[in-house]
**Q** 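This is the structure I want to talk about, given as structure tokens.
Sequence lines set the chain letters: A, B, ... in the order given, protein chains first and strands last, and positions in each chain run from 1.
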Amino acid sequence: MDTQKSAFRLALQNSIPVMTGYIVLGTCLGILMTSQGLPAWLCPLSNLAVYAGSMEYLSVNLFVNRMDYIGLAVTTFLVNARHLFYGVSMIENYRPLGWKKYLLALLLTDETYSLVAVKTQVTDKMAYYIYVTLLDYAYWVAGGILGAVAGSALDLNLPGIDFALTALFVVIATEQWLNSDKHFSAIIGLASTLTCLLIFGPKNFLIPAMIAIAAILTFAKRWEDKIL
Amino acid sequence: MNTTYLLTGLAVMALVTGLIRLIPFLIFSGSKATPPYILYMGKILPPAIMAMLVVYCYKGIQFSPPLHIPSEIIAGIVVVLLHIWKRNSLLSIGVGTILNIILKMYFGI
């Protein structure tokens, strides 16, 4: 019982930046949707069913322009393909969870991944994974409901508060760097993504970057004991 | 706006997103041991992914006019330096976010 409690407390504490980011971005999404003439129920339902922030923001424009279903499917795949990486990297960690791992897999966003992928001191890791995942999901859904209900009556005009999520990723990347004396993977990730951003531009760089990272790290497996 | 269209559209997005998230677990689950290659990728990928996500967050940054440094870059550097110094995640994220808001609200950058 005690380890359960400390797992929950740690999950709550570590997810504070996600809470800030998700409630603000979820609320803004609700405001954006209603301001574009989309019904108020759409944002809470989308946050519950899709739960992929960047795609949901993009979908506002696609829905307003009545994009067809094939187009929606392809766009969703291109925007969210990066989640394939998260699954591959969490398979072994989630294995003891049994059927519950499929639930956690469905709710594995960028932010949740960044919290579960790093080492923690908590004893009950599985409880920690579950709490982090469900708390993040609750923040996002709560934001969507708030945005839909409050609509434009709510003045959330605090520019740049969504930087909390960027800062979270920056902190985790820094922490990973400081915790290890092997930086091969981080350097490959940074160099590949920056190179692809310069070559393909901000709209199309993510898939080539993923392919480059996967290819280089696969090739480098022969030096596994040196780079890991 | 047509309700059927919106509901079907949401279903398509939810289905594709859900499949992407489930596929790795569906392929490599069950009682069989995970192949060594996937074990290796699971261990080597996280730092590369975090670097990729940081770049992803910064993808829309505009460096125009010349010599203009966006607030997110300044706040990001402060987050890294503060984190190396104090190693306190919430402090680094909190200070960085508040600094970014101040830079945007009062300095217009």
**Q** Name the option with the most non-hydrogen atom pairs under 4.5 Å to chain B; the candidates are Asn14(A), Ile213(A), Leu178(A).
**A** Leu178(A)
**Q** Closest approach of Thr4(B) and Tyr69(A), non-hydrogen atoms and distance?
**A** O-OH, 4.2 Å
**Q** Please classify the contact of Ile187(A) with chain B as side chain, backbone, both or neither, using a heavy-atom distance under 4.5 Å.
**A** neither
**Q** Does NZ belonging to Lys100(A) count more than 12 external heavy atoms closer than 6.0 Å?
**A** no
**Q** Name the option with the most non-hydrogen atom pairs under 4.5 Å to chain B; the candidates are Met55(A), Glu56(A), Arg82(A).
**A** Arg82(A)
**Q** Heavy atoms only, distances under 4.5 angstrom: which of Glu72(B), Lys59(B), Arg87(B), Lys104(B) has the most pairs with chain A? Name it, please.
**A** Arg87(B)
**Q** What side-chain donor-acceptor pairs closer than 3.5 Å can you find for residues 188-208 of chain A, not counting sequence neighbours?
**A**
unit_1: Ser192(A); atom_1: OG; unit_2: Ile188(A); atom_2: O; d: 2.6
unit_1: Thr193(A); atom_1: OG1; unit_2: Gly189(A); atom_2: O; d: 2.5
unit_1: Thr195(A); atom_1: OG1; unit_2: Ala191(A); atom_2: O; d: 2.5

**Q** Please report the shortest heavy-atom distance between Ala51(B) and Ala186(A), naming the atom on each side.
**A** CB-O, 3.7 Å
**Q** Can you tell me which of Leu19(B), Leu103(B), Thr8(B), Val78(B) forms the most heavy-atom pairs within a distance under 4.5 Å of chain A?
**A** Thr8(B)
**Q** Does the side chain of His183(A) come within less than 4.5 Å of Pro47(B)'s, by heavy atoms?
**A** no
**Q** For Leu90(B), is it the side chain, the backbone, both or neither that has a heavy atom under 4.5 Å from a heavy atom of chain A?
**A** side chain
**Q** Answer yes or no: is there an ion pair linking Glu92(A) with Lys43(B), defined by an N-O contact shorter than 4.0 Å?
**A** no
**Q** Drop me the distance from Tyr51(A)'s OH to Met13(B)'s CE, to the nearest 0.5 angstrom.
**A** 14.5 Å
**Q** Are any non-hydrogen side-chain atoms of Lys221(A) and Met41(B) less than 4.5 angstrom apart?
**A** no
**Q** Please round to the nearest 0.5 Å and tell me the distance separating atom CG of Leu39(B) and atom OG of Ser89(A).
**A** 11.5 Å
**Q** Please report the interatomic distance CG(Leu72(A)) to CG(Leu15(B)), rounded to the nearest 0.5 Å.
**A** 12.0 Å
**Q** Against chain A, label Ile44(B) side chain, backbone, both or neither, depending on which of its atoms sit under 4.5 Å from a heavy atom there.
**A** both
**Q** Should Leu42(A) and Leu10(B) count as side-chain neighbours, where that means a heavy-atom distance under 4.5 Å?
**A** yes
**Q** Heavy atoms, side chains only, cut-off 4.5 Å: are Thr174(A) and Ile84(B) in contact?
**A** yes
**Q** Heavy-atom pairs under 4.5 Å with chain A: which of Ile38(B), Ile49(B), Leu22(B) has the most?
**A** Ile49(B)
**Q** Roughly how far apart are Ile172(A) CD1 and Ser89(B) OG, rounded to 0.5 Å?
**A** 7.0 Å
**Q** Ignoring hydrogens and angles, tell me if any N or O in the side chain of Arg21(B) forms a donor-acceptor pair with the backbone of Ala105(A) under 3.5 Å.
**A** no
**Q** Does any non-hydrogen side-chain atom of Leu45(B) lie less than 4.5 Å from one of Ser185(A)?
**A** no
**Q** How close do Ala167(A) and Thr97(B) get, counting heavy atoms only, and between which atoms?
**A** CB-OG1, 4.4 Å
**Q** For Val54(B) and Ala173(A), which heavy atoms make the closest approach, and how far apart are they?
**A** CG2-CB, 4.3 Å
**Q** Quick one, Asp68(A) with Tyr5(B), criterion side-chain contact (heavy atoms from CB on, under 4.5 Å). Give me CA distance, side-chain angles, the key distance, then yes/no.
**A** CA-CA 9 Å; Asp68(A) 58 273; Tyr5(B) 166 70; over 6 Å; no
**Q** Quick check for you: to the nearest 0.5 Å, what is the distance between Phe25(B) atom CZ and Lys101(A) atom NZ?
**A** 8.0 Å
**Q** With a 4.5 Å limit on heavy-atom distance, are the side chains of Leu53(B) and Phe85(A) in contact?
**A** no
**Q** Report yes if some heavy atom in the side chain of Thr218(A) is under 4.5 Å from a heavy atom in the side chain of Tyr37(B); otherwise report no.
**A** yes
**Q** So does Trp223(A) have more than 12 non-hydrogen atoms from other groups sitting under 6.0 Å from CH2?
**A** yes
**Q** Any side-chain to backbone donor/acceptor pair from Asn80(A) onto Thr17(B)? Under 3.5 Å, distance only.
**A** no
**Q** With the side chain counted from C-beta on, respond yes when Leu165(A) and Cys57(B) share a heavy-atom pair under 4.5 Å apart, and no when they do not.
**A** no
**Q** Output yes when a side-chain donor or acceptor of Ser92(B) lies under 3.5 Å from a complementary backbone atom of Val171(A), and no otherwise.
**A** no
**Q** Out of Trp177(A), Phe163(A), Phe77(A), Phe169(A), return the one with the most heavy atom pairs under 4.5 angstrom to chain B.
**A** Phe163(A)
**Q** Please confirm whether the backbone N or O of Pro46(B) pairs with a side-chain atom of Tyr86(A), one donor and one acceptor, at under 3.5 Å?
**A** no
**Q** Which atoms of Tyr94(A) are under 4.5 Å from chain B, going by heavy atoms: the side chain, the backbone, both sets, or neither?
**A** side chain
**Q** Nearest 0.5 Å, please: how far is CG in Leu7(B) from OG in Ser46(A)?
**A** 11.0 Å
**Q** With a 4.5 Å cut-off on heavy-atom pairs, point out which of Ser71(B), Pro24(B), Gly60(B) contacts chain A the most.
**A** Pro24(B)
**Q** What part of Val12(B) is in contact with chain A, defined as an atom under 4.5 angstrom from a non-hydrogen atom: side chain, backbone, both or neither?
**A** side chain
**Q** Which atoms form the tightest heavy-atom contact between Ala81(A) and Ile20(B), and what is the distance?
**A** N-CD1, 4.1 Å
**Q** Minimum heavy-atom separation for Met50(B) to Ser114(A), with atom names?
**A** CE-CB, 3.7 Å
